[in-house]
Structure formats: C-alpha cells, structure tokens
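Working notes, beginning with the structure itself.
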Amino acid sequence: MKTLERPRRTSGGRGLFTSFHPGSHYVSTIDEVRALVDVVITQGSFAFDVETVGVLSHHPDLTEQVDQQVKTHVEALTSTSDAITDRARENKEQAMTKTIALDPKRNEVIWVGIATNGYSWAIPVGHPCGEVLVPEEVGNGSTIPPTGHRKILKSGDESLAKARYHIPAVFADPPAQLSRAEVFEALKPIFFDHSLVKVGHNVKFDARTIAKYYGELPVGPLHDTMLVQHALDENISSFRLTSLISTNFGEHNPYSKHGKVGANISTTPFSIACNYVHLDARWTWMLYQKLIRGLTNPLRQVVEQDVRVLEVLMDMEDIGMQVDSKGLASLGEELDSKMTDVHSEITAITYPGFNPDSVKDKRLFLFSAKRDGGLGLKPNKETEKGQASVDHDSLRAMEHKHPIIPLFLNWAEYKKMKSTYVDGLLEKTNKGRLHPNFHLHRTSTGRLSSSDPNLQNVPRDSSIRGLFKADDNSLLIVADYDQIELRIMAMFSKDENMMEIFTKGIDIHTGAASLLFDKPVAEITKDERQLGKSANFLTAYGGGASKLSATSGVTLTKAREIINQYYEQFDGLSLWKHKVVMQAKKDGYVTTISGRRRRLPDINSNKDDLRSRAERQAVNAIVQGSASDICKKAMIKVHPKVRSFGGKLLVQVHDELVVNVPDNDRVDYYSGIIKEEMGHGKDLNNVPIVVSSQSGYTWSEAK
DNA sequence: CCGATCACGTA
DNA sequence: GACGTACGTGATCGTA
C-alpha cells in the first residue's frame, strides 16, 4: 500500500545512504516530482534508472515477424496440433516482448528511479499489477497437475500423468499512477540541464529509452558506472549491477537478495518492484560515488575521455544506419535458392537427414573409415578441444579429395551470409535503419565493441556492404587510419628503420620486404610484399614461424629465416617488445597512450603457455589499445564538426569512421575536415599519421 | 532452457 | 617445441 511518508535525507556518511531499506514510498503526485527535481538540482548530479517493458501490439512489424517465426517453427516439426502451435506462438511472443523491452526505440517505461545524496525516489508510470492475490504455481514434473492443467487424452479424458505445469499468479489492480507524459514533462529540467551530471549503469540505454518521450536525447554530461569500473578493472567477467555491488560493497547486501526482478518486472508485485527501483537507483549512485573516488590519474583521464565518447556513441546508436531491406530480402532469396541446390547435392552424396550445419555429421562423414560409411579422410587440423576440425582452412586443404568438400565450403559461406547477415540484420531493422549498441566496457584492450547488431563485422563483400546506404540526398564518407597499429609500434619503439619507412612515406609492407630481402623498394614483387605484410602483422600479434609458414605458404625454415631477419632489421622494435614484457612482469600491467591499463595476471605464471600468451597480450594491448585511444579521441573531435555541417557519425570500426554527409559540392571539404580532426598530417613523436577517405552512396562504394 | 563448442565475419 | 591479438553471432549438442 501507498504510504504518505515523504522522501527524507538519511543521516551521516558523507551524504551516502546509511539505510538500505528504502521502504515502499513511491511518487504519486506531480508536486512530488517537482519537489524531487528541486532537490536534484541542488545536488549537482544524480543517478537514474528506468524499468521497461515491451508491448508487442504496438509493433505490427514485429507481430508479423512472430507470425513468420511460428510458421517456420511449426513447418520444421514432424507433427503439429493446435496446442503445439499455440505454445510455439506463446514462446515466440514472450521472447519478442523481452527483446522489445530492451530496445530503446520501442520499449515503454513503467518506472523511473532517481537517487542522489541521501535521497531516492521511485516513480511508477504504468506498472501493470498490484499485490499478489493468488501466488503462481509451478509444477516441476514430479506431481500430477491440478485439473484444468492436465493433458487431454485421445479419449477426451484428462491424463493423470505427472507433468510440468505453470499457473500464473493473480494480482490486485495496481494503484493509480502518474502518466509517462506528465512525469517526463516534469523531469525535463533535470534531463536537459547542461550542468547536472546524469549517472547510470549503462546510461546510454536509459537515456535513449526516455528520449522517446522528449523527441530528443537527454543532454550531457552523462556518466556511467560500467565504464568507470572497466577502467579500474577490465578483467571483470560480469558488469551487472548486482555483481559490481558485491565486489565493491561485499557479498552481503540487501540488493543481491532481490534476484532478477528487472527481467520480470511486469509480473512483480507493485511493492516489491517499488523497493527494487529504489535500490537500483540508490546502488547505482553509491557505486558511482565509490568508484569515482577511487579514480586517480592516469585512469581518471581515461574515464574522462570515455564519457565523452559515450555521448558520441549514444548519438550514433540513436541515429542508426540505413539499410536496404528489399535488397537484403532479395539477397536472402538468392542465397536460399543456392542453398537448396547445394543441400540437395549434399544429400545425394551423403544421406537423407544429413545436416551440413552439424560439425558432428560432417566429421563423421569425412573422417570415419570407409567400412563405417565414411570417406576415411585424414583430418589435417584439430580444434582447440582436440577434435578433427572441419573449418574452412581444414576443408580447403583437402578440397580435391572428394566432390563433397567444395559443397561443404559453399554451404558454410551461404549459411553464414543468410543467417547472420540477411536474416539477422533484417530482424533488427527498425524503419529501415539498424541501431547497434556500442560498448565501452566489453574489451580488455579499450577497443569498442558492437552488438545487436554488430556493425563492426559486416562482411566487406559488396553484396552486403552495398546494402548499407547513405540517407536520401546524402553520401557516406569512410575515413580510415593507414597502418595505425604499425605506426604506433614505430612511435613507441623509435625503431630507426620503421621510422624511416613511415617518414619517407614508403608503403610499410614493401619497406619491410625491402629490408627482409635486401632489395630496393622498387624491385619488391607482389609475393615479397605479401611476406613483408605477414611479418608486419605477426609482430603486432606476437605470432611465430609456424603461423607465418601456415599463412604465407613458405616452409617453416624459410619462415624462421624471415622472422630472424625481421627482428634484425627492426632491432629497435624487438628491443621495445622485450622492454614491454619486462615492465609488464614488474608492474603486472601495461599502459596505452592515454593511460589505459591492461592488467595481465598470468604474466609471471609458471605455466609456459599462459605466460607466453600474456606476453603476447602485453605487446598487443599497448598497440591495439593505443590505436583505440587515437580513434576515440578522433570521434570526440569529429562528432561536433560533422554535426555542424549537417552530417552524422554512424559507425566506428576500430580504425575507421563512417559518416553520413549531405550530398553536395562540398564533399571534399567535409572529407578534409574529418581527416583533419582525425589527425591526418599530424604526427606521433615524428611518426606521421595518415588518414585516407573515400565516399559513395553505399558502404561498399565508400570503402 | 542454458552453457560449451565450433565455425566465421571484422579490425 | 609451439606459439597470433581483439571481438559478436548463429547453430548444434549435451545436460538439466
């Protein structure tokens, strides 16, 4: 039940909460919202959190998708009945509802939680249920279900067999709540105040979610507990709020007992949901205070850079990238017909029911003895777990042994395209656009990552990238750093030969080949350059002769020679790598240009494999992480410039930025600005930075 | 239903 | 003696 208790400041503790039991008070009048706004403004910063649900009926396109899913699901079954179809539909609808709840473009807010020094508020704006009248009942299969929940036999009688069953809870009506419209209107002063710091745990989600009710994104400064925690420890496996609370405040805290309310918020009794919202906001605030106070330089600057990137990313996610849905659909049909052909050929050679997606089936068919019905081929490669590999490289090496192998290769190629890039992207399309999530906390090197969909691994092939389009009357500009990682290595190591190659503007792979084979640059062949290229990459990743030999096709002996020669010619580089490893062993971590750290717990391990791996990671983290620092810095600079001429930053792919700009006669000027802000023409301690750019109407034209 | 395993797309 | 870094997604399979 609602209480009339007013929010009050809890005492002591530098403004933090001393009581972890916020009770059941919830905000139910607009005056209370106005009052909390006044309090928040005096504090200068606040944490906030929204609880969301998905409403399938609001999204006809997704309802259609569910219909389709049910159809294909049922088609794949051997037997069907209305009950099976209904259950399939229920499952698919439930899954889709969850998906919608996590999509800021589609979800609906039912609670807003706000916390600042000593205060927290829970504002319900559509919680669907009150208290529990009849609790839910779950049968785990060890008992006979109650009548009405039993299976119906063919005879028409109820089955008395033990079975699983679920009877949903019955809830009282929820109490009267303010509307979203009036609440967000009243909260406008805090979300659009340029001096208030708005803190969240994965704040982009909450900010983008509420943006729907304003028609625009909340303004910065934003801050995020995830990103601070990541700067302090990138090796954390779970960045969920509960996990971070446990590690920062100890295992025993009232929050951790609440379990997964968030995912089931719409079937949680009102009072429990209310308490949960208080706690979420409070703990986010507490965590922020604690983490931010633990930050010292250089990590403080790292976090300062990342929160600025965060605001850029929020914009990029919200804008999204246009994709040609019709083109994707027709590519899908093309692939489908190719796959039908390949599949029937495979079935003809193997047996009906053979599944070309099953590693097990393929393994059995290729490698089991002829008398067992297999081809008796010899596996040439093992998986990590020591099984016979059937991946592309492995099959390629035995391609001529049997006509089925090219079919497997074709199948795998088509299948990947169809499932991940055609179907996968189509189902994430919203009004013709894809809105990825960019994460600042999911890599150990400080790179960004992208998901739902991942726009950082879209195939370069024009059949896919050609379907990513500029907006109407627009062009895409793709600007990318030329060999940024190798330039960073040159900068750190000050290797004379490498510096010379870069300062003279010689192609680095040709330059390396020239030194490796002791020939003038002009006489380097294509093959020699390729070897130079492979050798260059190996140094950034820490690879050895066997890998070089495997990737370039030279003998192991030759590969060893090349690597020895490489480190002789680039002796500054090998010295630097050695120093990096020594320093990492001493400190337990390495540091990038911006001061980000990668901690390497295994760097002094007794186990050779773990230690060697950590040593390779040490070198690579500096290189990869520093490249990421540079690109992040560029994003911060490019973003406002691009907006000033009506452009939109869309995607970052580690060393490249994709920008949508107006299609007019100033495109060269736009490219120039973008390149300049990325640092083209500047240098890293005398190693020049080179940025190249191209433009076009699609992502493949602009590559 | 979920995690492990495998394969495969990107930088 | 072997030794490449960093990701996310989708499918299968075994276990729960």
Side-chain angles (χ1 to χ4, degrees), chain A residues 91 94-95 140-141 164 234 355-363 381-395 408-409 411-425 427-428 436-439 441-461 464-465 480-481 483-486 489 534-551 556 559-560 563 590 598 600 607-625 627-628 631 651-657 699 703:
Chain A
N91 286 339
Q94 208 175 13
N140 63 6
R164 305 175 70 131
E234 73 289 351
N355 182 356
D357 285 329
S358 165
V359 171
K360 203 178 153 199
D361 281 10
K362 283 187 278 194
R363 225 175 247 154
K381 194 176 131 184
E382 286 186 352
T383 67
E384 206 182 313
K385 211 200 142 209
Q387 302 268 25
S389 167
V390 291
D391 70 5
H392 183 270
D393 282 357
S394 182
L395 295 185
F408 283 168
L409 288 167
W411 174 265
E413 184 192 338
Y414 301 151
K415 179 77 183 198
K416 178 74 180 175
M417 288 298 145
K418 178 69 163 59
S419 60
T420 305
Y421 297 108
V422 175
D423 297 343
L425 292 179
E427 71 185 31
K428 290 176 180 70
N437 289 309
F438 289 108
H439 309 281
H441 69 281
R442 286 199 187 177
T443 66
S444 34
T445 55
R447 268 189 177 182
L448 301 182
S449 78
S450 164
S451 72
D452 311 290
N454 180 357
L455 291 193
Q456 291 181 320
N457 74 342
V458 175
R460 300 184 68 95
D461 191 298
I464 300 275
R465 280 208 184 176
D480 68 298
Y481 287 101
Q483 302 301 340
I484 188 68
E485 296 197 347
L486 290 168
M489 285 199 287
S534 300
N536 276 330
F537 282 127
L538 284 184
T539 64
Y541 300 144
S546 67
K547 200 71 189 177
L548 179 61
S549 140
T551 52
L556 200 57
R560 288 207 186 94
I563 287 181
V590 292
R598 170 149 196 198
L600 295 152
K607 294 180 181 171
D608 290 0
D609 50 346
L610 291 183
R611 191 183 59 252
S612 308
R613 186 175 155 84
E615 289 171 2
R616 293 192 293 272
Q617 288 170 327
V619 174
N620 182 253
I622 297 180
V623 176
Q624 195 185 102
S628 175
C631 200
V651 177
Q652 184 253 39
V653 196
H654 309 307
D655 66 356
E656 94 182 32
L657 298 178
W699 196 357
K703 68 156 194 171

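On a predicted model such as this, the values are computed, not experimentally measured, just so you know. Residue numbers start from 1 in every chain, and the chains themselves are labelled A, B, ... in the order their sequence lines are given, proteins ahead of strands.
- The side chain of A:Ser449 places an N or O atom within less than 4.0 Å of a non-bridging phosphate oxygen (OP1 or OP2) of C:dG8.
- For C:dT9, neither phosphate oxygen OP1 nor OP2 lies less than 4.0 angstrom from any side-chain nitrogen or oxygen of A:Lys428.
- The side chain of A:Gln387 places no N or O atom within less than 4.0 Å of a non-bridging phosphate oxygen (OP1 or OP2) of B:dT5.
- Although no hydrogens or angles enter the test, the distance criterion places a donor-acceptor pair under 3.5 Å between the side chain of A:Ser394 and the main chain of A:Ser389.
- Among the nucleotides C:dT5, C:dG4, B:dT5, the one closest to any side-chain atom of A:Arg613 is C:dT5.
- OP1 or OP2 of C:dT12 lies within a sub-4.0 Å distance of a side-chain N or O belonging to A:Asn355.
- Contacts of A:Glu413 with the nucleic acid, taken as non-hydrogen atoms under 4.0 Å apart, are absent.
- Considering only the side chain of A:Arg598, C:dA6 comes nearest among B:dA7, C:dA6, C:dT12.
- Along DNA chain C, the nucleotide nearest to A:Leu556 and the one nearest to A:Ala540 differ in position, and the one closer to the 5' end is contacted by A:Leu556.
- Using a 4.0 Å cut-off, no side-chain N or O of A:Ser546 falls inside it from OP1 or OP2 of C:dA2.
- When each of A:Lys362, A:Lys381, A:Arg363 is checked for a salt bridge (charged side-chain N to carboxylate O under 4.0 Å, His left out) with A:Asp391, only A:Lys381 meets the rule.
- Contact between the side-chain N/O atoms of A:Ser444 and the OP1/OP2 oxygens of C:dC7 is found at a separation under 4.0 Å.
- Picking from C:dA6, C:dT9, C:dG14 the nucleotide with the shortest atom distance to the side chain of A:Lys416 gives C:dT9.
- Base pairing of C:dG4 is not made with any nucleotide, judged by Watson-Crick or G-U wobble geometry with both donor-acceptor distances under 3.5 Å.
- A:Tyr414 places its OH atom 15 Å from the P atom of B:dC8, with the value rounded to the nearest Å.
- The A:Asp357 side chain lies nearest to C:dA11 when the options are C:dA11, C:dG1, C:dT9.
- Among the heavy atoms of the strands, none lies under 4.0 Å from A:Val623.
- With B:dC8, C:dG10, C:dG4 as the candidates, the nucleotide lying closest to the side chain of A:Asp391 is B:dC8.
- Here the nucleotide nearest the side chain of A:Asn457, chosen from C:dC3, C:dG10, B:dT10, is B:dT10.
- Within the structure, a side-chain polar atom (N or O) of A:Arg616 is placed less than 4.0 Å from OP1 or OP2 of C:dT5.
- Between A:Lys415 and the phosphate of B:dG9, there is no side-chain N or O to OP1/OP2 separation shorter than 4.0 Å.
- Between A:Ser389 and B:dA7 there is a side-chain N or O to OP1 or OP2 distance below 4.0 Å.
- Distances were taken from every side-chain heavy atom of A:Thr420 (C-beta onward) to each of C:dT5, C:dC13, C:dT9; the shortest belongs to C:dT9.
- Pair assignment for B:dC6: C:dG10, on the basis of Watson-Crick or G-U wobble contacts that are both within less than 3.5 Å.
- When heavy atoms are screened at a 4.0 angstrom cut-off, A:Lys385 is found touching the sugar-phosphate backbone but no base atom.
- Among the nucleotides C:dT9, B:dA7, C:dC13, the one closest to any side-chain atom of A:Ser358 is C:dC13.
- Side chain of A:Thr445, nearest nucleotide from C:dT5, C:dA6, C:dT9: C:dA6.
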